[in-house]
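Report on the following structure.
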Amino acid sequence: IVSYNTLIKGLCKARNLQEALELKAGMENANLAPNSLTYTILMDGLCMEGRVDEAMGLVEEMRTKGLEPNVFAYSIMINGLCSRGNVKEGKELFNEMLGKGVSPNVVTYTSLINGLCKLGQLEETITTFNAMLEDGVQPDVVTFTGIIDGLCKDGKAEKALKLFNVMLGKGIVPGNITYNVLLRGLCDKGLLADAFNILQLMIEKGERPDLVTYNTILRGLCNNGKVDDAMTLFRSMLTDKSYVEPDVRTVTLLIHGLCQENRLDLAADIHNMMIENNKVVDVQTFTVLIGAYLRADNFGKAMDIWKKMIELGFTPDSLAYSALIDGFCKLNMLNIAKGIFVIMRDRGCSPTVFDYNSVMAALCKESSLEQARRLFQEMLNGNYEPDSVSYNIIIDSALKSGNLESAEELLNHMLQRGLNPD
RNA sequence: CCAAGUUUGGUUUUCA
């Protein structure tokens, strides 16, 4: 049974759930009863693939086989639910486990807290955190890191910094990830000075900045008008062994930053340099450049880059087409944009709601309200779920044409679909 | 004896 479990674990890690599940069936056929470990491995594997319902099914199956779910099983399921935003059911499961007398541990609490935090439910996060303390479970570095990240993503970097200091005061040693999330939060708030202080603290404490650290800093520099410093950092990463080699994200971030400052030719030079040196670029890197050139009205250059991308054997994905569609819309080349819809379908990429929104917005701008409405209808007919942006566009166009009734009607549709107007 | 939790890149509307 140990060997079965080991094999199943390997298959799950390789995302080969199909075979993992078959192997479990195989054990059963061989009259070997899967134990709790077998179940939890599979449940975790299913959750990682987003198949949370099936994982829940396994919990039921455990019960029918007389195996009561243990703290591992509950923690995995609570994490599976919460990390996909289903905190409601996560909490239910948590209460169920309390009812069954299974004691949550630090992992269980941390999973729940993270789910709450990601939804920005600050008060309940604190309540749960306190409940954990009362329960005699001590938060560890992962718990703190999760909350710090939640605060940062909610735009509360100052609070996150305070919590970071509380953590230090408790003698908990921050890990690389802790520093990285905090750095990201501070950079996003424009608190670069604080970010660099933290970076220095990190180094002083003997934690080596990793690739994520550098990418985070580079992004912070770019987003705060310090692209030249970002360039310097990038060069250090390329040449200085005490740094870390840049990866495709580093390159994409830098190119994105340069493009936002309208330094397209420099961005393209760097991009070419990377290609010539066999460094990593991918579809996303190309997409940034192509989008930027289209926005700058440089249709020819954008097409050159697109061609180069194809020549080098990269397959454009849905977002690459989106960049084209959006670009052509902004250049008022709506017919071409619509042509891309056809082309991308041909190549197995479905246009997204985003793409429809781009075209509808462009149509509205040139006052082709009738066509915009038709496109909206086409979207509905094609089983697309318009999002609040779609509604904003189309309602805006109705208002512009003085058609108050249909604007109101659309607003009602929107509410029925549970979208919030703003 | 073997299972669970935290971080980095590209596209869309209006107004600021």
Side-chain angles (χ1 to χ4, degrees), chain A residues 1-3 5-6 8-9 12 35-45 47 70-80 82-83 105-115 117 140-150 152 175-185 210-219 247-257 259 282-292 317-327 329-330 352-362 364-365 387-397 399 422:
Chain A
I1 186 154
V2 174
S3 6
N5 286 342
T6 314
I8 290 177
K9 184 181 170 189
C12 284
N35 61 14
S36 300
L37 182 56
T38 323
Y39 279 103
T40 52
I41 293 172
L42 282 167
M43 282 158 46
D44 191 40
C47 285
N70 56 16
V71 62
F72 288 98
Y74 278 113
S75 300
I76 289 168
M77 287 318 302
I78 288 170
N79 183 51
C82 288
S83 62
N105 62 18
V106 61
V107 177
T108 327
Y109 276 110
T110 302
S111 301
L112 192 57
I113 286 173
N114 263 316
C117 232
D140 64 8
V141 59
V142 179
T143 318
F144 276 104
T145 304
I147 303 176
I148 290 172
D149 187 43
C152 286
N176 239 323
I177 299 181
T178 319
Y179 287 105
N180 291 341
V181 302
L182 187 56
L183 285 171
R184 167 70 186 253
D210 60 14
L211 185 56
V212 177
T213 316
Y214 288 118
N215 285 346
T216 304
I217 299 273
L218 192 124
R219 180 188 144 101
D247 72 348
V248 62
R249 292 183 179 202
T250 323
V251 176
T252 308
L253 278 166
L254 181 65
I255 289 183
H256 185 71
C259 288
D282 67 5
V283 182
Q284 296 198 31
T285 326
F286 278 99
T287 303
V288 174
L289 263 184
I290 291 164
D317 63 7
S318 163
L319 285 177
Y321 287 110
S322 295
L324 282 190
I325 290 171
D326 185 47
C329 287
K330 298 242 159 85
T352 62
V353 172
F354 283 149
D355 300 322
Y356 277 102
N357 291 348
S358 289
V359 181
M360 285 193 311
C364 289
K365 226 172 239 163
D387 59 11
S388 55
V389 175
S390 325
Y391 278 104
N392 278 342
I393 297 168
I394 206 77
I395 289 174
D396 197 47
S397 87
L399 289 175
D422 46 13

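Throughout, protein chains are lettered first and strands after them, A, B, ... in sequence-line order, and every chain is numbered starting at 1.
- Listed nucleotides: U8(B), U12(B), A4(B). Nearest to the side chain of N105(A): A4(B).
- The main-chain N or O of T352(A) is found under 3.5 Å from a side-chain atom of D355(A) such that the two form a donor-acceptor pair.
- Going from atom CD1 of I76(A) over to atom P of A3(B) covers 11 Å, rounded to whole Å.
- In RNA chain B, no stem is built from 3 or more consecutive Watson-Crick or G-U wobble pairs with both distances under 3.5 Å.
- The side chain of V142(A) sits closest to G5(B) out of U11(B), G5(B), A4(B).
- The side chain of K330(A) contributes no N or O atom lying less than 4.0 Å from OP1 or OP2 of U11(B).
- Looking at heavy-atom distances under 4.0 Å, V106(A) makes contact with a base.
- For the residue pair D387(A) and N357(A), a side-chain donor N or O sits within less than 3.5 Å of a side-chain acceptor on the partner.
- The side chain of L319(A) sits closest to G10(B) out of U13(B), G9(B), G10(B).
- For H256(A), the listed nucleotide lying nearest its side chain is G10(B); candidates were G10(B), U14(B), G5(B).
- Comparing A3(B), U12(B), G9(B) by their closest approach to the side chain of D282(A) singles out G9(B).
- Listed nucleotides U8(B), G10(B), A3(B) differ in distance to R249(A); the shortest reach to its side chain belongs to U8(B).
- For R184(A), whose side chain is taken as the heavy atoms from C-beta onward, the closest listed nucleotide among A4(B), G10(B), U8(B) is U8(B).
- A donor atom on one side chain and an acceptor atom on the other are not found under 3.5 Å apart for N114(A) and S111(A).
- Side-chain proximity of A361(A) to the nucleotides G9(B), U13(B), U6(B) is greatest for U13(B).
- In this structure, I78(A) places its CD1 atom 16 Å from P of A4(B), rounding to the nearest Å.
- Within the 4.0 angstrom heavy-atom criterion, only backbone atoms of the sugar-phosphate kind lie near S358(A); the bases stay farther away.
- Residue I393(A) is classed as a sugar-phosphate contact, given heavy-atom separations below 4.0 Å to backbone atoms only.
- Nearest to the side chain of K9(A), among A3(B), G9(B), U7(B), sits A3(B).
- For Q284(A), taking side-chain heavy atoms from C-beta onward, the closest of the listed nucleotides G9(B), C2(B), U7(B) is G9(B).
- For L253(A), the side chain to side chain contact (heavy atoms under 4.5 Å, CB included) partners two or more places apart in sequence, or in a different chain, are N215(A), L218(A), R219(A).
- Heavy atoms of A73(A) sit nowhere under 4.0 angstrom from any nucleic acid atom.
- Taking the ring-ring contact (aromatic ring centres under 6.0 Å, His included) definition, one finds that Y356(A) meets it with F341(A), Y384(A), sequence neighbours left out.
- Between the side chain of T287(A) and the base of G10(B), a donor-acceptor pair under 3.5 Å is found.
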